Visitor: 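Please find one structure pasted underneath; my questions will follow.
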Amino acid sequence: MRAPIIVANWKMFTTLAEARALAEAVRDGCRGLSGVAVVLCPPFTGLATVGSVLAGSGVRLGAQDAHWEASGAFTGAVSPAQVRDAGAEVVILGHSERRGHFGETDEVVARKVRAALSHGLTPLVCVGETAAERAAGEATAVVTGQVTRALAGIERGEIGRCWFAYEPVWSIGTGQTATPTQAGEIQGQLRRCLGELATGPVAARAPILYGGSVRPDTMPELAAEPDVDGGLVGGASLKVADFLGIVHAARAAKLRAAAAS
Ligand code: PGA
């Protein structure tokens, strides 16, 4: 049984005061909660502040990206060593907004995944197809191709240190959540692909989250899918009640599934 994981992607939102208030509310709302892991990914500017709010709470800190070099002349970039130093344990990599707005290729994502692993970070590798690719029947091929290229050069055992997120591009920020069947099907294919890239046991343990317009009302059915291990949450992660609702919904759905099996 994989415990659900809910990751908040705050994107380019929150001042320091807002980040502090949001982190405090999430921390307090998750107090004493077992059977679910929660990670907050503020913008780089908020890492230290949010990290100090979360210290000792069990809610973990993540970054939204990290460069592939440990240091160097890369104006505007932030390294995996720096986000680790700021307290991050997880780093989102290959998000479709990084791919779309900043031209990140699979090759860049692969370099970042390798760098994150070598700095002791947990890479949260994001993949997902566009609406046109889905319409053309290419969704599975796109996501398995992306994950295969993102993990190029990584040893089978090391793949077991990665987390994954299926985020259909057409679903991010649109209010159009994938149906549980759509998410479950692709995520099952992703797990099979991970079995080939790594090993069966590694694939069986790998957390695969769903992302794209996750809300408290869509999380229960999504989390009831065996291959959906939680959510990567954008818009709804900025609203305390919605985010906590998602955390509780995922936890309850997995507990129900465990009791039924
Ligand atoms: P959304 O974003 O929940 O606002 O759709 C998800 C994401 O981009 O990770």
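Counting starts at 1 for both ligands and their atoms, in listed order. Keep in mind it's a predicted model, so treat the numbers as computed, not measured.
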Visitor: Against heavy atoms of Gly212, which atoms of ligand 1 measure under 4.0 Å?
Guide: 5 (O)

Visitor: For Phe44, look at atom CZ and say whether over 12 heavy atoms of other residues, nucleotides or ligands are found less than 6.0 Å away.
Guide: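 Enclosed: over 12 neighbouring heavy atoms sit under 6.0 Å from CZ of Phe44.
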
Visitor: Identify, by atom number and element, the atoms of ligand 1 in contact range of His95, meaning under 4.0 Å from any of its heavy atoms.
Guide: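 In order of numbering, the contacting atoms are 7 (C), 8 (O), 9 (O).
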
Visitor: When you look at CD of Glu158, are more than 12 heavy atoms from neighbouring residues, nucleotides or ligands closer to it than 6.0 Å?
Guide: yes

Visitor: Which heavy atom of the protein is the closest neighbour of atom 2 (O) of ligand 1, given with residue, atom name and distance?
Guide: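 The answer is Lys11 NZ, 3.2 Å.
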
Visitor: Return the residue, atom name and 0.1 Å-rounded distance of the protein heavy atom closest to atom 3 (O) of ligand 1.
Guide: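 Going atom by atom, the protein heavy atom closest to atom 3 (O) of ligand 1 ends up being Gly234 N, 2.9 Å.
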
Visitor: List every atom of ligand 1 that sits less than 4.0 Å from any heavy atom of Gly235, numbering the atoms from 1 in the order shown and giving each element.
Guide: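 Heavy-atom distances to Gly235 below 4.0 Å select 1 (P), 3 (O), 4 (O).
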
Visitor: So which bit of Ile172 gets within less than 4.0 Å of ligand 1, heavy atoms only: side chain, backbone, both or neither?
Guide: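 The answer is both, backbone and side chain.
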
Visitor: Is there side-chain contact between Val247 and Val26, with at least one heavy-atom pair below 4.5 Å?
Guide: no

Visitor: Checking side-chain polar atoms at under 3.5 Å, does His95 have a donor or acceptor matched by the opposite partner on Gln64?
Guide: no

Visitor: So for ligand 1, is Gly211 a polar contact partner (N or O within less than 3.5 Å, distance only)?
Guide: no

Visitor: Touching ligand 1 at all, Ala236? Heavy atoms, strictly under 4.0 Å?
Guide: no

Visitor: Determine yes or no for a side-chain-to-main-chain donor-acceptor pair under 3.5 angstrom, with Thr177 supplying the side chain and Ser213 the backbone.
Guide: yes

Visitor: Hey, what's the ring geometry for Phe74 with Trp68, parallel, tilted or perpendicular (30° and 60° as the breaks)?
Guide: perpendicular

Visitor: May I ask you to check whether Gly173 has an N/O atom sitting below 3.5 Å from an N/O atom of ligand 1?
Guide: yes

Visitor: If the cut-off is 4.0 Å to any non-hydrogen atom of Leu232, which atoms of ligand 1 fall inside it?
Guide: 6 (C), 9 (O)

Visitor: Return the residue, atom name and 0.1 Å-rounded distance of the protein heavy atom closest to atom 9 (O) of ligand 1.
Guide: Glu167 OE2, 2.6 Å

Visitor: What are the two closest non-hydrogen atoms of Ala236 and Asp242, and how far apart are they?
Guide: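 Scanning both residues completely, I find the closest heavy atoms to be O-CB, 3.6 Å.
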
Visitor: Can you name the closest pair of heavy atoms from Ala139 and Arg134 and give their distance?
Guide: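 In this case the closest contact between Ala139 and Arg134 is CB-NH2, 4.0 Å.
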
